[in-house]
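Some notes on the structure that comes next.
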Amino acid sequence: MKSKDIEALVRPNIRKLCPYSTARDEYNGTLGVFLDANESPYPTGWNRYPDPRQTALREKLAHIKGVKAEKIFSGNGSDEAIDLIFRIFCIPGIDNAVAIAPSYGMYKVSAEINDIEMREVNLNEDFSLPVDNLLAACDSNTKVLFLCSPNNPSGNAFSNETVFEVLKRFNGIVVVDEAYIDFCSVPSLIGSIDRYPNLVVLQTFSKARGLAALRLGLAFSNPCIIKFMMMVKYPYNINASTQKLALKALESPIDIYVAETVAQRARIAAALPGFAFVRKVYPSEANFILVKVDDADGLYEHLIADGIIVRNRSKVAGCTGCLRITIGLPEENDKLLKSLCDYEKGDIRR
Ligand code: PMP
(Lines give C-alpha, C1' and ligand atoms only; values in the text may rest on other atoms or scores of the structure.)
Protein backbone atom coordinates (compact mmCIF):
# COMPACT_ATOMS: atom_id res chain seq x y z
CA MET A 1 0.00 0.00 0.00
CA LYS A 2 1.20 3.53 -0.85
CA SER A 3 1.07 6.54 1.53
CA LYS A 4 -1.44 8.32 -0.72
CA ASP A 5 -3.88 5.38 -0.39
CA ILE A 6 -4.09 5.81 3.41
CA GLU A 7 -6.19 8.95 3.23
CA ALA A 8 -8.76 7.11 1.08
CA LEU A 9 -9.29 4.63 3.94
CA VAL A 10 -10.25 7.40 6.36
CA ARG A 11 -13.99 7.91 7.03
CA PRO A 12 -15.24 10.80 4.86
CA ASN A 13 -16.54 12.77 7.89
CA ILE A 14 -13.11 12.50 9.56
CA ARG A 15 -11.32 13.51 6.36
CA LYS A 16 -13.42 16.69 6.37
CA LEU A 17 -13.13 17.31 10.11
CA CYS A 18 -12.12 20.73 11.32
CA PRO A 19 -10.66 19.83 14.74
CA TYR A 20 -11.18 21.79 17.94
CA SER A 21 -8.45 24.33 18.42
CA THR A 22 -7.49 25.00 22.03
CA ALA A 23 -6.15 28.22 23.50
CA ARG A 24 -2.88 26.33 24.04
CA ASP A 25 -2.76 25.30 20.37
CA GLU A 26 -2.70 28.98 19.48
CA TYR A 27 -0.08 29.98 22.05
CA ASN A 28 1.91 27.51 24.13
CA GLY A 29 4.72 29.65 25.50
CA THR A 30 5.51 29.71 29.20
CA LEU A 31 5.96 33.46 29.71
CA GLY A 32 3.18 35.98 29.65
CA VAL A 33 -0.11 36.94 31.19
CA PHE A 34 -2.49 34.13 30.32
CA LEU A 35 -5.98 35.47 29.93
CA ASP A 36 -6.91 33.19 27.01
CA ALA A 37 -8.23 29.90 28.44
CA ASN A 38 -10.61 30.90 31.26
CA GLU A 39 -8.34 29.14 33.75
CA SER A 40 -8.04 30.13 37.38
CA PRO A 41 -5.11 32.54 37.87
CA TYR A 42 -4.48 31.20 41.40
CA PRO A 43 -1.39 28.96 41.50
CA THR A 44 -2.57 25.57 42.78
CA GLY A 45 0.27 24.03 40.80
CA TRP A 46 -2.24 22.59 38.33
CA ASN A 47 -4.32 25.63 37.32
CA ARG A 48 -3.06 25.71 33.70
CA TYR A 49 -4.19 23.36 30.92
CA PRO A 50 -1.53 20.89 29.78
CA ASP A 51 0.15 20.96 26.36
CA PRO A 52 -2.52 19.42 24.08
CA ARG A 53 0.17 18.17 21.66
CA GLN A 54 2.54 16.77 24.33
CA THR A 55 5.44 18.35 22.45
CA ALA A 56 8.21 17.87 25.03
CA LEU A 57 7.24 14.26 25.66
CA ARG A 58 6.90 13.38 21.99
CA GLU A 59 10.21 15.09 21.16
CA LYS A 60 11.96 13.13 23.89
CA LEU A 61 10.39 9.86 22.67
CA ALA A 62 11.43 10.79 19.13
CA HIS A 63 15.02 11.08 20.32
CA ILE A 64 14.92 7.80 22.26
CA LYS A 65 13.10 5.76 19.61
CA GLY A 66 14.84 7.29 16.58
CA VAL A 67 11.46 8.25 15.03
CA LYS A 68 10.32 11.81 14.20
CA ALA A 69 7.76 13.29 16.63
CA GLU A 70 5.27 13.70 13.75
CA LYS A 71 5.16 9.88 13.61
CA ILE A 72 4.33 9.48 17.33
CA PHE A 73 0.94 9.74 19.03
CA SER A 74 0.59 9.64 22.81
CA GLY A 75 -2.70 8.51 24.23
CA ASN A 76 -4.51 7.87 27.49
CA GLY A 77 -3.20 4.29 27.50
CA SER A 78 -2.94 2.20 24.31
CA ASP A 79 -6.66 1.77 24.79
CA GLU A 80 -7.20 5.33 23.53
CA ALA A 81 -5.17 4.59 20.38
CA ILE A 82 -7.22 1.41 19.75
CA ASP A 83 -10.48 3.35 20.05
CA LEU A 84 -9.22 6.16 17.78
CA ILE A 85 -8.28 3.68 15.05
CA PHE A 86 -11.90 2.50 14.92
CA ARG A 87 -13.24 6.04 14.97
CA ILE A 88 -10.91 7.21 12.18
CA PHE A 89 -11.20 4.26 9.77
CA CYS A 90 -14.40 2.32 10.42
CA ILE A 91 -17.91 3.50 9.52
CA PRO A 92 -20.29 2.28 12.28
CA GLY A 93 -22.72 -0.38 11.13
CA ILE A 94 -20.96 -0.79 7.78
CA ASP A 95 -17.24 -1.51 8.12
CA ASN A 96 -15.62 -4.39 9.97
CA ALA A 97 -12.27 -5.30 11.53
CA VAL A 98 -10.37 -8.56 11.92
CA ALA A 99 -8.39 -9.65 14.98
CA ILE A 100 -6.57 -12.75 16.11
CA ALA A 101 -8.09 -14.88 18.88
CA PRO A 102 -7.30 -15.39 21.65
CA SER A 103 -5.90 -11.91 22.13
CA TYR A 104 -6.29 -8.71 24.13
CA GLY A 105 -10.00 -8.18 24.88
CA MET A 106 -10.18 -4.45 24.16
CA TYR A 107 -10.01 -4.84 20.36
CA LYS A 108 -13.44 -6.50 20.40
CA VAL A 109 -14.93 -4.31 23.14
CA SER A 110 -13.79 -1.15 21.39
CA ALA A 111 -15.20 -2.45 18.08
CA GLU A 112 -18.57 -3.17 19.73
CA ILE A 113 -18.68 0.27 21.36
CA ASN A 114 -18.14 1.78 17.92
CA ASP A 115 -20.74 -0.54 16.32
CA ILE A 116 -18.10 -2.23 14.17
CA GLU A 117 -18.34 -5.94 13.43
CA MET A 118 -15.25 -7.72 14.80
CA ARG A 119 -14.25 -10.89 12.99
CA GLU A 120 -12.06 -13.02 15.20
CA VAL A 121 -9.75 -15.54 13.54
CA ASN A 122 -8.39 -18.34 15.70
CA LEU A 123 -4.65 -18.65 15.94
CA ASN A 124 -3.25 -22.05 14.97
CA GLU A 125 -3.10 -24.76 17.66
CA ASP A 126 0.48 -23.70 18.54
CA PHE A 127 -0.65 -20.01 18.59
CA SER A 128 1.20 -19.24 15.35
CA LEU A 129 -0.34 -16.76 12.89
CA PRO A 130 -2.81 -18.24 10.35
CA VAL A 131 -2.02 -15.67 7.63
CA ASP A 132 -4.27 -17.19 4.94
CA ASN A 133 -7.23 -17.50 7.33
CA LEU A 134 -6.77 -13.90 8.46
CA LEU A 135 -6.85 -12.63 4.89
CA ALA A 136 -9.77 -14.91 4.00
CA ALA A 137 -11.79 -13.27 6.81
CA CYS A 138 -11.36 -9.83 5.19
CA ASP A 139 -13.67 -8.29 2.60
CA SER A 140 -13.91 -4.86 0.96
CA ASN A 141 -15.31 -3.39 4.21
CA THR A 142 -12.47 -4.67 6.40
CA LYS A 143 -10.56 -1.54 7.30
CA VAL A 144 -8.36 -2.70 10.19
CA LEU A 145 -6.58 -5.90 11.17
CA PHE A 146 -5.31 -6.28 14.75
CA LEU A 147 -2.25 -8.33 15.67
CA CYS A 148 -0.63 -8.47 19.09
CA SER A 149 3.00 -9.53 19.39
CA PRO A 150 3.99 -10.82 21.90
CA ASN A 151 0.38 -11.88 22.13
CA ASN A 152 -1.72 -11.64 25.28
CA PRO A 153 -2.62 -14.23 26.65
CA SER A 154 -0.59 -16.81 24.67
CA GLY A 155 2.78 -15.07 25.25
CA ASN A 156 4.33 -15.92 21.87
CA ALA A 157 5.64 -13.39 19.33
CA PHE A 158 5.19 -13.54 15.57
CA SER A 159 8.24 -13.20 13.33
CA ASN A 160 8.58 -9.84 11.59
CA GLU A 161 8.56 -11.67 8.23
CA THR A 162 5.10 -13.12 8.96
CA VAL A 163 3.77 -9.67 9.86
CA PHE A 164 5.34 -8.21 6.69
CA GLU A 165 3.40 -10.79 4.68
CA VAL A 166 0.14 -9.56 6.25
CA LEU A 167 1.15 -5.92 5.64
CA LYS A 168 1.83 -6.63 1.97
CA ARG A 169 -1.30 -8.68 1.32
CA PHE A 170 -3.89 -6.63 3.27
CA ASN A 171 -5.24 -3.41 1.76
CA GLY A 172 -6.10 -1.75 5.04
CA ILE A 173 -4.57 -0.71 8.35
CA VAL A 174 -2.55 -3.32 10.26
CA VAL A 175 -2.22 -2.56 13.98
CA VAL A 176 0.57 -4.43 15.75
CA ASP A 177 0.21 -4.14 19.51
CA GLU A 178 3.70 -4.35 21.05
CA ALA A 179 2.68 -3.80 24.69
CA TYR A 180 5.12 -6.54 25.78
CA ILE A 181 7.93 -5.88 23.28
CA ASP A 182 10.56 -5.04 25.95
CA PHE A 183 10.50 -8.66 27.18
CA CYS A 184 10.75 -10.10 23.69
CA SER A 185 13.58 -11.46 21.52
CA VAL A 186 11.91 -10.38 18.26
CA PRO A 187 12.75 -6.73 17.42
CA SER A 188 10.07 -4.02 17.35
CA LEU A 189 8.43 -3.11 14.04
CA ILE A 190 8.81 0.62 14.74
CA GLY A 191 11.68 0.69 12.23
CA SER A 192 9.29 -0.51 9.49
CA ILE A 193 6.69 2.29 9.64
CA ASP A 194 8.31 4.14 6.72
CA ARG A 195 8.33 1.03 4.53
CA TYR A 196 4.70 0.13 5.36
CA PRO A 197 2.40 3.20 5.46
CA ASN A 198 -0.50 0.96 6.59
CA LEU A 199 1.35 -0.13 9.76
CA VAL A 200 0.45 1.23 13.21
CA VAL A 201 2.65 0.01 16.07
CA LEU A 202 1.30 0.36 19.61
CA GLN A 203 3.47 0.47 22.72
CA THR A 204 2.70 1.39 26.32
CA PHE A 205 4.21 2.76 29.53
CA SER A 206 2.05 0.26 31.47
CA LYS A 207 4.25 -2.86 31.26
CA ALA A 208 8.08 -2.81 31.26
CA ARG A 209 8.11 0.95 32.03
CA GLY A 210 6.13 0.23 35.20
CA LEU A 211 3.77 3.23 34.91
CA ALA A 212 0.34 1.65 34.40
CA ALA A 213 -1.22 4.15 36.82
CA LEU A 214 -0.19 7.15 34.70
CA ARG A 215 -2.13 5.91 31.62
CA LEU A 216 0.19 6.52 28.72
CA GLY A 217 0.19 4.58 25.47
CA LEU A 218 1.93 5.29 22.19
CA ALA A 219 1.21 4.78 18.51
CA PHE A 220 3.95 4.92 15.87
CA SER A 221 2.89 5.32 12.26
CA ASN A 222 3.20 7.51 9.18
CA PRO A 223 2.51 11.25 9.65
CA CYS A 224 -0.87 11.03 7.85
CA ILE A 225 -2.33 8.53 10.35
CA ILE A 226 -0.79 10.36 13.33
CA LYS A 227 -2.27 13.64 12.03
CA PHE A 228 -5.77 12.12 12.09
CA MET A 229 -5.19 10.67 15.58
CA MET A 230 -4.20 14.15 16.80
CA MET A 231 -7.30 15.64 15.18
CA VAL A 232 -9.79 13.13 16.65
CA LYS A 233 -8.41 12.75 20.20
CA TYR A 234 -9.82 14.78 23.10
CA PRO A 235 -7.94 18.11 23.14
CA TYR A 236 -6.17 17.54 26.47
CA ASN A 237 -5.95 13.75 26.41
CA ILE A 238 -2.74 13.50 28.47
CA ASN A 239 -2.89 15.33 31.79
CA ALA A 240 -0.06 17.54 32.99
CA SER A 241 1.16 15.23 35.77
CA THR A 242 1.40 12.29 33.37
CA GLN A 243 3.37 14.37 30.85
CA LYS A 244 5.72 15.58 33.57
CA LEU A 245 6.22 12.21 35.29
CA ALA A 246 6.64 10.32 32.02
CA LEU A 247 9.33 12.76 30.87
CA LYS A 248 11.15 12.23 34.17
CA ALA A 249 10.76 8.44 33.99
CA LEU A 250 12.41 8.40 30.56
CA GLU A 251 15.65 9.53 32.27
CA SER A 252 15.87 6.17 34.07
CA PRO A 253 16.75 2.94 32.30
CA ILE A 254 14.50 -0.10 32.78
CA ASP A 255 17.00 -2.73 31.64
CA ILE A 256 17.64 -4.22 35.09
CA TYR A 257 13.93 -4.72 35.76
CA VAL A 258 13.38 -6.26 32.34
CA ALA A 259 16.40 -8.57 32.80
CA GLU A 260 15.15 -9.71 36.20
CA THR A 261 11.63 -10.35 34.86
CA VAL A 262 13.02 -12.36 31.94
CA ALA A 263 15.21 -14.39 34.33
CA GLN A 264 12.26 -15.00 36.66
CA ARG A 265 10.14 -16.02 33.67
CA ALA A 266 12.77 -18.66 32.80
CA ARG A 267 12.77 -19.83 36.41
CA ILE A 268 8.99 -20.28 36.53
CA ALA A 269 8.84 -21.81 33.05
CA ALA A 270 11.44 -24.36 34.19
CA ALA A 271 9.63 -25.13 37.48
CA LEU A 272 6.06 -25.48 36.18
CA PRO A 273 6.44 -28.72 34.17
CA GLY A 274 7.62 -30.43 37.37
CA PHE A 275 4.10 -30.26 38.83
CA ALA A 276 1.94 -33.30 38.07
CA PHE A 277 -1.16 -31.15 37.49
CA VAL A 278 0.53 -29.06 34.77
CA ARG A 279 -0.41 -30.21 31.25
CA LYS A 280 1.44 -27.61 29.18
CA VAL A 281 3.58 -24.53 29.65
CA TYR A 282 3.41 -22.23 26.63
CA PRO A 283 6.70 -20.53 25.67
CA SER A 284 6.55 -16.84 26.56
CA GLU A 285 8.19 -13.70 25.18
CA ALA A 286 6.22 -11.49 27.60
CA ASN A 287 6.05 -10.84 31.36
CA PHE A 288 3.53 -13.63 31.92
CA ILE A 289 3.20 -17.34 31.27
CA LEU A 290 0.16 -19.23 30.05
CA VAL A 291 -0.12 -22.66 31.63
CA LYS A 292 -2.63 -25.44 31.02
CA VAL A 293 -3.53 -27.41 34.14
CA ASP A 294 -5.86 -30.31 35.08
CA ASP A 295 -8.38 -28.22 37.02
CA ALA A 296 -7.94 -24.52 36.22
CA ASP A 297 -10.90 -23.36 38.34
CA GLY A 298 -9.78 -25.45 41.35
CA LEU A 299 -6.19 -24.20 41.17
CA TYR A 300 -7.40 -20.61 40.66
CA GLU A 301 -9.52 -20.84 43.85
CA HIS A 302 -6.63 -22.38 45.79
CA LEU A 303 -4.27 -19.56 44.73
CA ILE A 304 -6.88 -16.90 45.61
CA ALA A 305 -7.34 -18.45 49.05
CA ASP A 306 -3.54 -18.21 49.40
CA GLY A 307 -3.69 -14.51 48.49
CA ILE A 308 -2.27 -15.01 44.98
CA ILE A 309 -4.35 -13.65 42.13
CA VAL A 310 -3.73 -14.93 38.61
CA ARG A 311 -5.90 -14.57 35.50
CA ASN A 312 -8.26 -17.47 34.83
CA ARG A 313 -8.41 -17.77 31.03
CA SER A 314 -9.90 -21.29 31.06
CA LYS A 315 -13.20 -20.20 29.46
CA VAL A 316 -11.50 -18.31 26.63
CA ALA A 317 -11.58 -20.10 23.26
CA GLY A 318 -8.16 -21.60 22.52
CA CYS A 319 -7.15 -21.40 26.20
CA THR A 320 -9.31 -24.15 27.74
CA GLY A 321 -7.89 -25.16 31.12
CA CYS A 322 -5.38 -22.30 31.16
CA LEU A 323 -4.28 -19.79 33.76
CA ARG A 324 -2.18 -16.73 32.87
CA ILE A 325 0.42 -15.95 35.50
CA THR A 326 2.18 -12.58 35.58
CA ILE A 327 5.86 -12.67 36.57
CA GLY A 328 6.20 -10.89 39.90
CA LEU A 329 9.09 -9.96 42.19
CA PRO A 330 11.39 -12.91 43.04
CA GLU A 331 9.80 -13.22 46.51
CA GLU A 332 6.30 -13.13 45.02
CA ASN A 333 7.32 -15.89 42.61
CA ASP A 334 8.67 -17.87 45.62
CA LYS A 335 5.20 -17.63 47.18
CA LEU A 336 3.57 -18.76 43.94
CA LEU A 337 5.84 -21.82 43.66
CA LYS A 338 5.34 -22.68 47.36
CA SER A 339 1.56 -22.46 46.91
CA LEU A 340 1.75 -24.71 43.84
CA CYS A 341 3.80 -27.25 45.88
CA ASP A 342 1.13 -27.23 48.62
CA TYR A 343 -1.61 -27.74 46.02
CA GLU A 344 0.27 -30.71 44.58
CA LYS A 345 0.69 -32.27 48.03
CA GLY A 346 -3.08 -32.05 48.52
CA ASP A 347 -2.87 -29.13 50.93
CA ILE A 348 -5.60 -27.37 48.97
CA ARG A 349 -7.00 -24.08 50.24
CA ARG A 350 -10.56 -23.04 49.32
N1 PMP B 1 -2.32 -4.11 24.77
C2 PMP B 1 -2.20 -5.30 25.36
C3 PMP B 1 -1.80 -6.46 24.54
C4 PMP B 1 -2.46 -5.46 26.72
O5 PMP B 1 -2.35 -6.66 27.27
C6 PMP B 1 -2.86 -4.33 27.47
C7 PMP B 1 -3.21 -4.39 28.95
N8 PMP B 1 -3.18 -5.54 29.58
C9 PMP B 1 -2.96 -3.12 26.83
C10 PMP B 1 -2.68 -3.02 25.48
C11 PMP B 1 -3.41 -1.89 27.56
O12 PMP B 1 -2.41 -0.99 27.61
P13 PMP B 1 -2.62 0.47 28.28
O14 PMP B 1 -2.44 0.29 29.74
O15 PMP B 1 -1.54 1.27 27.64
O16 PMP B 1 -4.01 0.93 27.90
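Just so you know, these numbers come straight off a predicted model, no measurement behind them. Every number for a ligand or one of its atoms is a count from 1 in the order of the listing.
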is_close_aromatic(Tyr180, Phe288), centroid dist under 6.0 Å: yes
Listed partners of Lys108 passing side-chain hydrogen bond (donor to acceptor under 3.5 Å, both in side chains), at least two apart: Glu112
Nitrogen or oxygen atoms of Tyr107 and ligand 1 under 3.5 Å apart: no
Glu125 atom CD, neighbour heavy-atom count above 12 within 6.0 Å: no
contact_flag Lys207 ligand 1 heavy-atom lt 4.0 Å: yes
Ring centres under 6.0 angstrom apart (Tyr104, Tyr107): yes
Path from Leu199 to Ile85 over hydrophobic side-chain contacts below 4.5 Å: no
Heavy atom of Arg215, distance to ligand 1 below 4.0 Å: yes
Cys148 heavy atom under 4.0 Å from ligand 1: yes
Sub-6.0 Å ring centroid separation between Phe164 and Phe158: no
Sub-4.0 Å heavy-atom contact, Phe205 with ligand 1: no
Side chain, backbone, both or neither: the part of Asp79 lying under 4.0 Å from ligand 1 by heavy atom: both
Polar atom proximity, Tyr104 to ligand 1 (N or O, under 3.5 Å): no
Nearest neighbour in protein (non-hydrogen) for atom 14 (O) of ligand 1: Ser206 OG, 2.6 Å
